[in-house]
Number of protein chains: 2
Amino acid sequence: MADSKFDRDLVRGSLDLMVLSVLADDGRNYGYEIQRRVREASGERVKLPAGTLYPLLHRLEAAGLILSQWDDSTGRRRKFYKLSAAGRRRLKSDADAWLAHVRCVRLLLSSVVDLDGPGGEPASA
Amino acid sequence: MADSKFDRDLVRGSLDLMVLSVLADDGRNYGYEIQRRVREASGERVKLPAGTLYPLLHRLEAAGLILSQWDDSTGRRRKFYKLSAAGRRRLKSDADAWLAHVRCVRLLLSSVVDLDGPGGEPASA
DNA sequence: GTAGATAGGTTGATCAGCGATATATCGGTG
DNA sequence: CACCGATATATCGCTGATCAACCTATCTAC
């Protein structure tokens, strides 16, 4: 499961946001690790394949939101990314827009489903 | 504002969900009204243009999630849609998946932004 | 050596969103 | 009546993101 058309589109709207968030958290990270961070953070839900990840990073860099720097000092050839000032601003505004949108959808869903659905409050389970 | 690349992709992941939710709320509704309901429910954020709306409805119908019926009795030629049994099941499961995903992204964002950001609690504004 | 993980990358097919465009009706105004 | 804007549905074509598949290269372990 977790690879239907719905799941892909679900992820689509928050992929950039998730990657920017990971970089904000870590300060500095490289593609392969970002991939694992997103996969783990999402509970294996978001697989973020290489064919999506690298074009995405290049797109964010071209937009001036992240900065790259090659690092071979560890033996492994890695391209590290970090947020630019514009990237930090973008993360903030995109996060606000995302949260606002989530509130709207939750409102629509409120009369339809149980918002504290399966896995909602693990502490009480 | 509210029509950037980010906003479009933001919406993409929950458009089907929003339309299904509106139909679950209303029981029975037609395209033009669904369009207005979504626009209002989203605080004018989601415009849902005709070029998106109608292909979307056709797709949901082809998938057996909604059922259509023409109605000319009011003078206006309208195509009413309602959820099928499969559509109700799908709404429930998609809503659960969406809520689970939202929880993950919120977790990633928690260390980055204020989750009760602007417009969070209108009562206190 | 060779298999698998790490690390980065591209390409092509697919498909959804949406602006533009088309059609038709209804109600109101000049 | 003619005209216009709102209502109502629909399609076409462009754009752009996702991702399976594929490629290269290095490191570790067997």
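Here the structure is a predicted model, which is why all the values come from computation and not from measurement. Every chain is numbered from 1, with letters handed out A, B, ... down the list of sequences.
Nucleotides of DNA chain D lying under 4.0 Å from heavy atoms of chain B occupy a range whose first and last members, 5' to 3', are D:dT7 to D:dA17.
Rounded to an integer number of Å, the gap from CG of B:L56 to P of C:dG19 is 15 Å. One atom, CZ of B:R45, and another, C1' of C:dG17, lie 19 Å apart when rounded to the nearest Å. The distance between atom CZ of B:R59 and atom C1' of C:dC18, rounded to the nearest whole Å, is 13 Å.
Applying the side chain to side chain donor-acceptor pair (under 3.5 Å) test to every pair with at least one member in residues 53-66 of chain A, sequence neighbours left out, gives these pairs: A:D16-A:R59, A:E61-A:S68.
Comparing A:R12 and A:F80 against DNA chain C, the residue whose closest nucleotide sits nearer the 5' end is A:F80. Each of B:L57 and B:K5 has a nearest nucleotide on DNA chain D; the 5'-most of these lies closest to B:L57.
Among residues two or more places apart in sequence or in another chain, the salt bridge (charged side-chain N to carboxylate O under 4.0 Å, His left out) test is passed with A:R39 by none. In this structure, the side chain to side chain contact (heavy atoms under 4.5 Å, CB included) partners of B:V112, at least two apart in sequence or on a different chain, are A:A24, A:D25, A:L91. Qualifying side chain to side chain contact (heavy atoms under 4.5 Å, CB included) partners for A:R106, counting only residues two or more places apart in sequence or in other chains: A:V102, A:L115, B:W98, B:L99. Applying the side chain to side chain contact (heavy atoms under 4.5 Å, CB included) rule to B:S93 yields the partners B:R90; only residues at least two apart in sequence or on another chain are considered. Checked against salt bridge (charged side-chain N to carboxylate O under 4.0 Å, His left out), B:R36 has the following partners two or more places apart in sequence or in another chain: B:E33. For A:Y30, the ring pair (Phe, Tyr, Trp, His ring centres under 6.0 Å) partners are A:F80, not counting sequence neighbours. Taking A:R8 as the reference, nothing meets the salt bridge (charged side-chain N to carboxylate O under 4.0 Å, His left out) condition, with sequence neighbours excluded.
Side-chain contact between B:I34 and B:R37 is absent, with no heavy-atom pair separated by less than 4.5 Å. Considering only heavy atoms from C-beta on, A:V46 comes within 4.5 Å of A:L15 through its side chain.
Of the options A:R77, A:R76, A:R28, A:K79, a side-chain hydrogen bond (donor to acceptor under 3.5 Å, both in side chains) to A:D71 is made by A:R28 and by none of the others.
For DNA chain D, the residues of residues 63-79 of chain B within the heavy-atom distance limit of 4.0 Å (strictly under) are B:W70, B:R76, B:R77, B:R78, B:K79, sorted by number. Taking every heavy atom of residues 47-55 of chain A and every atom of DNA chain D, pairs under 4.0 Å involve A:P49, A:G51, A:T52, by number. Across residues 14-42 of chain A, A:L15 each have a non-hydrogen atom less than 4.0 Å from an atom of DNA chain D (numbered order).
Residues B:M18 and B:S42 approach most closely at CE-CB, 4.2 Å, considering heavy atoms.
Here A:R8 does not reach the OP1 or OP2 of C:dT14: none of its side-chain N or O atoms lies under 4.0 Å away. A sub-4.0 Å separation between OP1 or OP2 of C:dT10 and a side-chain N or O of A:H58 is present.
Hydrophobic clustering, with ILVMFWY side chains joined whenever heavy atoms are under 4.5 angstrom apart, keeps A:L60 apart from A:L67.
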